[in-house]
Amino acid sequence: SPPLPGLGVWFLLVAPVLGGLVYGPLVQRFAPEARGHGVPEVMLAVARRGGRIPATVAAVKALASGICIGTGGSVGREGPIVQIGSALGSAIGQWLRVPATRLVLMVACGAAGGISATFDAPISGVVFGLELILRSFSAEAFGVLVISSVVANVVAEVIAGDRAILTLPHFDLGSPAQLPLYALLGLLAGLLGWAFARILYAVEDACDAVWRGPEWLRPAVGGLLLGGLLLALPQMYGVGYPVLEAAIGGRYVVGFLLLLVVGKILASSLTIGIGGSGGVFAPSLFVGGTAGTAFGYAAAALFPALDLHPGAFGLVGMAAVFAGAAHAPITAVLIVFELTGDYALILPLMAAVVLATGLSNLVSRDNIYTLKLLRRGIDLAAAT
């Protein structure tokens, strides 16, 4: 690490501990809602609290997630930006004293604008707000979310310029004969997305059962475990988009790709379990991309005549695993399409996502977001 060269590789062990010492007390003192991945709290505010979110959540979430991710937390930016944008929308709405029906829309507008600006994905921002935050579609909601998403994207473009997160090679669907393989990938990805959600909360339960100290100290002590994992597999440090690019670009062998799948699930689950602040969207893309690429290598070896590109399966796997975890097929298709800007794989992408969502929903009606609330005795399906 350039800031602390004297630590050498031990920076990977020290950084999560130091980060936990900073964001642990910050979250515990000012906004406990900022702990975890954030989206379930926004969904709860919309469904049960008329869109009311404390204004302090935006500031605390921004600081806590930035510190957590910057010091090695293996989580994503989607959860934080959704919670930050939603809290800002709620705060402005409460200040203007808008009615609850309008306040809920302002919360969704904040989420849509945050996704649009952060990922340069204006369409996905709108659909995310409709599909996951409001959990309904209407012409009025669609209209205001589009305005919010467009304005946010334009402002971000002026301030930050190019915000491309992933730079991936172009892939084509060589032959319709490849579609059954993408369908099989979709089914496997649906199960993997479901498994990711269950492992995430199983690790969180284990951390809850073991920890007996003050909550503000939990991220720092748990950071020792996370740091140990990072020492063994440093590719798990932070969000991990460069590693995902390398995986889909064909720079890793199958065995290492599978190691990355297991490592990311464990690292992300541990980061959330020790009280870290960050999203699960990026980890699900990472898991899907690495697992899909490994599947592509296996398929290419079994069917050499089809001239398969393993990276194409990785790209489809990104969307399929997220769809299996979140039960959000439209968002999954659009976010990967907007992140890559590649339309050539839209048919296998859509097929795999639908199959992943269907199978995951058949196994369990709860997704990675609603499951967190259900574990607290809150059933959003009953509220609707």
Side-chain angles (χ1 to χ4, degrees), residues 37-53 55 57-58 61-62 76-160 163 165 279-282 319 322-323 326-339 341 353 357 367-370 380 383-384:
H37 44 104
V39 175
E41 283 71 23
V42 177
M43 296 170 69
L44 177 62
V46 168
R48 298 284 183 88
R49 297 172 182 166
R52 295 184 175 275
I53 302 173
V57 170
K61 189 70 175 181
R77 296 177 289 183
E78 140 271 334
I81 195 58
V82 166
Q83 195 169 18
I84 292 165
S86 298
L88 288 173
S90 179
I92 294 170
Q94 291 179 69
W95 179 65
L96 294 174
R97 299 176 183 269
V98 301
T101 53
R102 299 294 182 190
L103 186 60
V104 164
L105 287 179
M106 293 188 72
V107 169
C109 282
I115 291 288
S116 174
T118 303
F119 296 101
D120 194 14
I123 305 174
S124 303
V126 173
V127 176
F128 186 96
L130 294 170
E131 194 173 27
L132 285 168
I133 302 302
L134 294 178
R135 301 171 70 230
S136 65
F137 291 79
S138 70
E140 179 187 24
F142 178 77
V144 295
L145 263 66
V146 165
I147 294 172
S148 175
S149 182
V150 169
V151 171
N153 201 276
V154 170
V155 172
E157 180 71 25
V158 171
I159 295 173
R163 303 178 309 286
I165 291 176
V280 294
F281 169 72
F322 172 69
H327 296 180
I330 307 176
T331 302
V333 170
L334 290 174
I335 194 71
V336 171
F337 168 63
E338 288 193 290
L339 284 178
V353 162
T357 307
N367 60 47
I368 198 167
Y369 299 125
T370 59
L380 293 186
T384 58

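Here, residue 1 is the first one in the sequence, and each next residue gets the next number.
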### Message
Looking at L334, is its backbone amide N or carbonyl O close enough to the side chain of S124 to form a donor-acceptor pair, meaning the two atoms are under 3.5 Å apart?
### Response
yes
### Distance, nearest 0.5 Å, that separates CZ of R49 from CD of E41
8.5 Å
### Message
Walk me through whether L132 and H327 qualify under side chain to side chain contact (heavy atoms under 4.5 Å, CB included).
### Response
CA-CA 9 Å; L132 285 168; H327 296 180; over 6 Å; no
### Query
For S86 and I53, what are the C-alpha separation, side-chain angles and deciding distance, and is it a side chain to side chain contact (heavy atoms under 4.5 Å, CB included)?
CA-CA 8 Å; S86 298; I53 302 173; 3.9 Å; yes
#### Entry: Taking every non-hydrogen atom, the tightest pair across G89 and L103
O-CD1, 4.4 Å
### Query
Are I84 and V57 side-chain neighbours, meaning at least one heavy-atom pair lies under 4.5 Å?
no
#### Entry: CG-OG1 distance between L130 and T331, expressed to the nearest 0.5 angstrom
8.5 Å
#### Entry: Check: E338 side chain, I123 main-chain N or O, donor-acceptor pair, under 3.5 Å
yes
### Task
Measure across A108 and G129 and return the closest heavy-atom pair with its distance rounded to 0.1 Å.
CB-O, 4.4 Å
### Message
Distance check, rounded to the nearest 0.5 Å: M43 atom CE versus L134 atom CG?
### Response
10.5 Å
### Query
Considering all heavy atoms of both residues, which atom of A121 and which atom of N153 are nearest to each other, and what is their separation?
N-ND2, 3.9 Å
### Message
Can you tell me how far apart CD1 (I92) and CE (M106) are? Round to the nearest 0.5 Å.
### Response
5.5 Å
### Query
Is the shortest heavy-atom distance from the side chain of P329 to the side chain of E131 under 4.5 Å?
yes
### Query
Do side-chain atoms of E78 reach the backbone of G279 as a donor and acceptor pair under 3.5 angstrom?
no
### Query
Can you check whether G51's main-chain N or O pairs, donor with acceptor, with S90's side chain at less than 3.5 Å?
yes
### Task
Could you walk me through whether I330 and V353 pass side chain to side chain contact (heavy atoms under 4.5 Å, CB included), step by step?
CA-CA 9 Å; I330 307 176; V353 162; over 6 Å; no
#### Entry: Evaluation steps, side chain to side chain contact (heavy atoms under 4.5 Å, CB included), between I133 and V39
CA-CA 8 Å; I133 302 302; V39 175; 4.3 Å; yes
### Query
Do the non-hydrogen side-chain atoms of P40 and T370 ever get within less than 4.5 Å of each other?
no
### Query
Taking the side chain as C-beta and beyond, is there a heavy-atom pair between F128 and I335 under 4.5 Å?
no
### Message
Quick check on the 6.0 Å ring-centre criterion: do F119 and F281 meet it?
### Response
yes
### Query
Just by distance, do the side chain of T118 and the backbone of I115 share a donor-acceptor pair under 3.5 Å?
no
### Query
For S149, which residues count as a side chain to side chain contact (heavy atoms under 4.5 Å, CB included) partner, sequence neighbours excluded?
S116, P122, V126
## Note on the structure
Tightest non-hydrogen contact, residues A152 and A117, listed as O-CB, 3.8 Å
### Summary
Tightest non-hydrogen contact, residues A282 and G76, listed as CB-CA, 3.6 Å
